[in-house]
**Student:** 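Pasting a structure here, questions to come.
For this chain, numbers begin at 1 and follow the sequence in order.
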Amino acid sequence: MNVRRLVISGASGGSGKTVLSLGLCRALLRQGLRVAAFKKGPDYIDAAWLARACGRGCTNLDPFFLSGPRLTSLFADAAQGSDIAVIEGNRGLYDGRDEQGSCSTSGLARLLDAPVLLSLNCTKMTRTAAALIDGLMRFEPLRFAGVILAQVSPGSRHESVIRKSIETHTDARVLGTLPRLRPVPIPERHMGLVAADGEEADACLDRLADIVAENVDLHEVLKASVAPDLAAAPFWPAPSAPAGRRPRIGYVQDDILWFYYKENLQALKYAGADLIKLRLLDEAPWPKLDGLYLGGGFPELFPERLAASARLADIARLSRAGLPVYAECGGFMILCRSLIVNGVRWPMAGIVPADVEFCPTPQGLGYVEAAAVTPNPYHPQGVRWRGHEFHYSRCKTRENVPLTLELATGTGMGRSGRKGADGFLCGNTFAAYTHLFAPAVPHWAPRFVSLCSALSGSL
């Protein structure tokens with residue numbers, strides 16, 4: 001396949017990557033281009049903003065989860081039909097999991113043979129910017145599209161000195177600037193950006209697009225995004241065609257729970273399920289389901305409304321009847337006995353014999369390497385798989401129930417010696433802090449759908 005593509009990166013976090021990526025996606029979309037957005041690494045919130053900016057779903061590209069050829073195939077599949085692909089990196093360009101830079105943005109750029117557009121935070125520097133750019137361009141062999149000077153005033157002496165320094169001492173091209181934004185137009189909360197919903201989000205994205213269109217040479221950016229053909233095999237297998245009725249799996253997607261990789265939902269469809277979108281605060285009863293998937297989100301923002309929702313009793317009834325339920329992070333929180341926020345205890349569904357407390361700082365953050373150590377319907381015992389966690393809540397109290405997952409890396413619901421532990425199993429209900437990316441856990445969707453099919457009509 002051949003598609004224009006750019007990786008947006010910088011020297012570190014806080015370089016302006018997100019502002020540039022969002023503004024560029026929306027600005028190119030307004031020019032009539034079909035833009036495919038991608039986010040490097042495990043991320044739901046930035047990915048949701050990128051999806052809204054370009055008007056189509058955003059795909060996460062994570063070298064920790066998928067090997068080279070599979071990652072290339074995922075990119076090619078998601079980029080089909082687009083005029084340009086914009087890939088937002090994470091952290092600094094060469095930052096990875098170790099001193100060799102494994103799983104870095106630079107490694108992803110090399111794998112995709114994609115030009116890198118650098119966003120450089122120029123706060124309190126002038127000529128040093130040239131030294132940084134020169135070092136970034138020489139450190140590893142990559143394609144470079146150019147540089148955007150962030151945190152400068154367009155037309156100022158500051159910009160002029162930096163631009164001339166880079167042009168004099170490096171081979172990089174300066175393709176524009178990003179001025180200081182006061183206040184930053186993207187609203188944030190404890191886990192990053194707020195949800196990308198509604199007119200406020202679109203107004204924010206349009207403002208960023210205006211800033212990028214006024215200060216960045218979009219024509220030169222497009223020229224610099226030309227890249228070689230990329231060989232890639234098909235990513236998704238042929239869809240399964242189960243005998244009989246396709247099981248109906250509901251998934252909650254609303255202001256409370258909305259952290260889902262679209263690939264997870266696609267994997268369930270390819271495994272033979274029909275998906276039903278649900279809301280926790282709806283007054284109308286849910287339709288008949290054969291399974292339920294509860295993703296992550298922000299239960300801590302709506303404890304009072306959540307505690308009063310009749311859907312919690314419905315979830316408890318379905319779980320106790322044996323309906324297959326799979327819950328991640330925020331979904332796990334609402335399955336507990338109670339959620340404690342600012343010292344106030346709110347009753348939840350009461351399926352998992354634990355209480356969780358929302359904390360002011362992260363209680364689990366980063367990649368997870370899990371192994372199923374007890375029998376369960378979703379993860380074969382002994383199988384190791386990779387996921388990630390990002391939660392501000394912690395298990396405050398829990399009964400002495402064995403947990404299903406042993407974590408070689410990660411915290412989960414607590415630590416046992418040097419290793420973390422995660423994963424409550426209550427009948428056919430599985431609840432954990434660990435998020436999974438279905439293409440990297442190929443057993444998950446088929447086993448979930450198979451369990452739903454086997455129990456369909458018997459509950």
**Student:** Working note: W444 + Y293, criterion ring pair (Phe, Tyr, Trp, His ring centres under 6.0 Å); need CA distance, chi angles, decisive distance, verdict.
**Tutor:** CA-CA 12 Å; W444 173 75; Y293 180 23; 5.3 Å; yes

**Student:** For a quick test of reading the model, state the closest non-hydrogen atom pair linking P380 to R447 and the distance between them.
**Tutor:** CG-NH1, 3.6 Å

**Student:** Considering only residues two or more places apart or on different chains, which pairs with a residue in residues 78-99 satisfy ring pair (Phe, Tyr, Trp, His ring centres under 6.0 Å)?
**Tutor:** Y94-F139

**Student:** If you take all heavy atoms of S456 and D290, which pair is closest and at what distance?
**Tutor:** OG-OD1, 3.2 Å

**Student:** Please report the interatomic distance CZ(R4) to CG(D83), rounded to the nearest 0.5 Å.
**Tutor:** 8.5 Å

**Student:** With sequence neighbours excluded, what pairs up with T123 under the side-chain hydrogen bond (donor to acceptor under 3.5 Å, both in side chains) test?
**Tutor:** N121

**Student:** Might you point out which heavy atoms bring N60 and G41 nearest each other, and give the distance in Å?
**Tutor:** ND2-O, 2.9 Å

**Student:** Would you please name every residue forming a side-chain hydrogen bond (donor to acceptor under 3.5 Å, both in side chains) with R30, sequence neighbours left out?
**Tutor:** D210

**Student:** For R26 and D206: C-alpha separation, side-chain torsions, deciding distance, then whether salt bridge (Lys or Arg N to Asp or Glu O under 4.0 Å) applies.
**Tutor:** CA-CA 7 Å; R26 180 57 68 95; D206 285 334; 2.8 Å; yes

**Student:** Does any part of the side chain of E369, heavy atoms only, come nearer than 4.5 Å to the side chain of F64, both counted from C-beta?
**Tutor:** yes

**Student:** Do N264 and Y251 have side-chain N/O donor and acceptor atoms under 3.5 Å apart?
**Tutor:** no

**Student:** Pairing donors with acceptors under 3.5 angstrom, does anything connect the side chains of T411 and Y433?
**Tutor:** no

**Student:** Salt-bridge test for R245 and D274: reply yes if a basic N is under 4.0 Å from a carboxylate O, no otherwise.
**Tutor:** no

**Student:** Examine the side chains of T105 and S9 and answer whether a donor and an acceptor come within less than 3.5 Å of each other.
**Tutor:** no

**Student:** Could I get the full list of side-chain hydrogen bond (donor to acceptor under 3.5 Å, both in side chains) partners for D95, not counting sequence neighbours?
**Tutor:** none

**Student:** Are F75 and F235 close enough that their ring centres sit under 6.0 Å apart?
**Tutor:** no

**Student:** Which value, rounded to the nearest 0.5 Å, describes the distance between K269 atom NZ and I249 atom CD1?
**Tutor:** 11.5 Å

**Student:** Can I get a per-line list of side-chain donor-acceptor pairs under 3.5 Å for residues 360-367, giving both atom names and the distance, sequence neighbours left out?
**Tutor:**
unit_1	atom_1	unit_2	atom_2	d
Q363	NE2	T361	O	3.0
Y367	OH	D62	OD1	3.0
Y367	OH	D62	OD2	2.9

**Student:** From Y326 OH over to L451 CG, what is the distance, rounded to the nearest 0.5 angstrom?
**Tutor:** 12.5 Å

**Student:** Could you check if a side-chain atom of L278 sits within less than 4.5 angstrom of a side-chain atom of L289, using non-hydrogen atoms only?
**Tutor:** yes

**Student:** For the residue pair Y44 and H435, is the inter-centroid distance of their aromatic rings smaller than 6.0 Å?
**Tutor:** yes

**Student:** When you check the gap from the basic side-chain N to the acidic O, do D355 and K396 get nearer than 4.0 Å?
**Tutor:** no

**Student:** So, are R143 and D113 salt-bridged, with charged N and O less than 4.0 Å apart?
**Tutor:** yes

**Student:** Roughly how far, to the nearest 0.5 Å, is CG of L22 from OG1 of T18?
**Tutor:** 6.5 Å

**Student:** Checking T404 now: which residues fulfil side chain to side chain contact (heavy atoms under 4.5 Å, CB included) with it, not counting sequence neighbours?
**Tutor:** T374, N376, L425, F430

